[in-house]
Amino acid sequence: MAKVDIAQQVLEHYSESIPKHIGIIMDGNGRWAKNKGMPRVYGHKKGVDSVRNAVRFCRKVGVESLTLFAFSSENWKRPEEEVSGLMDLFMYVLTKEVKNLHKNNVVLKIVGDISAFSNSIQQKVKEAQELTGDNTGLILNVAANYGGRWDIVEACKRVAEQVKNGDVSVDDITEDSFDDETAFASQQPLDLLIRTGGEVRVSNFMLWQLAYAELHFSPVYWPEFNDQELAIAIEAFAGTERRFGLTGEQVSG
Ligand code: IPE
Ligand code: IPE
Ligand code: MG
C-alpha cells in the first residue's frame, strides 16, 4: 500500500493557514532515552532524525523560517558528559548534514553566541553559513548557546552603539527599528511556537518574537515527534482566529 504523505495532506487542507515562521523547543530527549534505559545522549542522537524530518516537512508545506532550539545558554550547566556529547553531535551534524541542506536550497543560520564553542565548530558554522547563504528556500535557524534575553541584550547594545555614534537619536528608536537589531531581523514574525516533551514553559526562547505567536504544547518527546504531530500542531494553528488586539468581528468581517 502506498504510504500516505502527511505533509502533502496538510498542504491540501490548510494551504491558506500555513505558519510562515515556526519555532520549536525540541524537548524530551533525555526522558525518552531514560525510558528506554539508555544514556541521555542517545536521546539527543535520535533527536537528529526528528530534525531531519521536521525540515523536510516544513519545506514541503512551504514554511519560510523554521527555528529550532538546540542548546540554550543555560544548558552548559548540565553534566560534562552530556555537554560534550552534545558538542560532538553538533560537530557531526555540521559535517554530515550541510551538503544535503544545501542541495535542498535551505539557508542555514546558527543563532546564538557561537564564540563559546570550539574553534572547529565555529569554523564549520562559518563554512555552512557561507555555503548556504545565497540559497532561496527554507531558512533553518538553529539556536545554539542561545537565550531570548541574550538576544534582547545584544540588540540593546547595538542600538546603544548607534546612539553613541550619533547615527540614531533616542526618539527614533521604535519597535520596528529595535526588531531590526535582533537575531531574526528581516525574517517573518514568529507565527507558531511548538514545545514538545510536555512542559508548559518557554525556557528563555525567542522572548521578543513570542509577543503574538500561537503556542502549541505537545506531550510527545522530541525523538518521537513526527509528521502526524506536526500536522496536529498546524491543524490547531489553522483553527485559531488571530486577532492581534482587534475584535472577532473586525477580523472575520
Ligand atoms: C532537549 O531535551 C534537548 C536539549 C536541551 C539539548 P532534554 O535533554 O532537555 O530532555 P529532557 O527534558 O531532559 O527529557
Ligand atoms: C530548552 O529545554 C532548551 C532546548 C530545548 C535546547 P530545557 O530542557 O533546557 O528547558 P528546561 O530546563 O526544562 O526549562
Ligand atoms: Mg528538557
Side-chain angles (χ1 to χ4, degrees), residues 21-55 57-58 65-97 108-118 121 124-125 139-154 182-184 190 192-210 213-226 229-230 233:
H21 189 162
I22 300 180
I24 308 184
I25 301 175
M26 310 183 289
D27 198 22
N29 295 349
R31 280 165 287 162
W32 180 84
K34 193 175 172 203
N35 285 348
K36 297 209 156 343
M38 300 295 280
R40 294 178 58 86
V41 174
Y42 178 70
H44 299 315
K45 284 186 185 150
K46 284 301 278 189
V48 177
D49 294 342
S50 301
V51 168
R52 222 178 277 116
N53 191 63
V55 169
F57 184 98
C58 287
S65 286
L66 172 64
T67 301
L68 300 175
F69 203 3
F71 191 82
S72 79
S73 32
E74 290 75 31
N75 290 148
W76 293 110
K77 294 178 211 140
R78 292 191 176 194
E80 212 305 302
E81 183 185 304
E82 180 168 354
V83 172
S84 70
L86 281 163
M87 292 304 133
D88 291 348
L89 192 59
F90 198 24
M91 189 68 194
Y92 174 83
V93 168
L94 282 167
T95 309
K96 293 277 172 194
E97 303 283 340
L108 179 66
K109 288 184 197 286
I110 308 299
V111 176
D113 180 7
I114 68 157
S115 68
F117 294 119
S118 67
I121 288 182
K124 288 273 180 205
V125 166
I139 302 174
L140 174 62
N141 304 295
V142 175
N145 194 21
Y146 168 88
R149 288 178 168 185
W150 167 84
D151 188 14
I152 294 169
V153 170
E154 288 301 303
T182 62
F184 304 94
L190 183 68
L192 173 63
L193 169 82
I194 299 172
R195 181 176 187 137
T196 68
E199 313 293 359
V200 183
R201 55 177 176 250
V202 295
S203 302
N204 197 13
F205 186 54
M206 297 185 88
L207 299 179
W208 169 265
Q209 294 79 9
L210 273 167
E214 301 295 325
L215 311 181
H216 181 83
F217 295 94
S218 166
V220 176
Y221 294 142
W222 178 248
E224 286 182 352
F225 199 80
N226 56 18
E229 303 302 328
L230 282 159

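All of these numbers come straight from a predicted model, not from anything done at the bench. Just so it is clear, the values below take in all heavy atoms, side chains as well, and ignore hydrogens, waters and symmetry mates. Ligands are counted one by one from 1 in listed order, and the atoms in each one are counted from 1 as well.
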Could you please provide the protein residues found below 4.0 Å of ligand 1 on a heavy-atom basis, arranged by chain and number?
Met26, Asp27, Gly28, Asn29, Gly30, Arg31, Arg40, His44, Ala70, Asn75, Arg78, Glu82, Leu86
Can you confirm whether Glu97 sits close enough to Arg52 that some side-chain heavy atom of one is under 4.5 Å from a side-chain heavy atom of the other?
yes
Below 4.0 angstrom from a heavy atom of Arg201, which ligand 2 atoms are there? Numbered from 1 as shown, please.
11 (P), 13 (O), 14 (O)
Are Ile121 and Ile114 packed together at the side-chain level, in the sense that at least one heavy-atom pair is separated by less than 4.5 angstrom?
no
Kindly say whether Glu229 contributes a backbone atom to a donor-acceptor pair with the side chain of Asn226 at under 3.5 angstrom?
yes
Parallel, tilted or perpendicular, as decided by the 30° and 60° cut-offs, for the rings of Phe69 and Tyr146
perpendicular
Measure centre to centre between the rings of Phe117 and Trp76, then say whether the value is under 6.0 Å.
yes
Does Arg31 have any side chain to side chain contact (heavy atoms under 4.5 Å, CB included) partners at least two apart in sequence or in another chain, and if so, which?
Asp27, Glu199, Tyr221
Of all heavy-atom pairs linking Ala233 and Leu192, the shortest is O-CD2, 4.2 Å
Exercise: identify the closest heavy-atom pair between Gly43 and Ala33:
N-CB, 3.6 Å
Atoms of the protein (N/O/S only) found under 2.8 Å from the Mg ion (ligand 3):
Asp27 OD1
Should we say atom CZ of Arg149 is surrounded by more than 12 heavy atoms from elsewhere, each under 6.0 Å from it?
no
Qualifying salt bridge (Lys or Arg N to Asp or Glu O under 4.0 Å) pairs with a residue from residues 71-81, counting only residues at least two apart or across chains
Arg78-Glu82
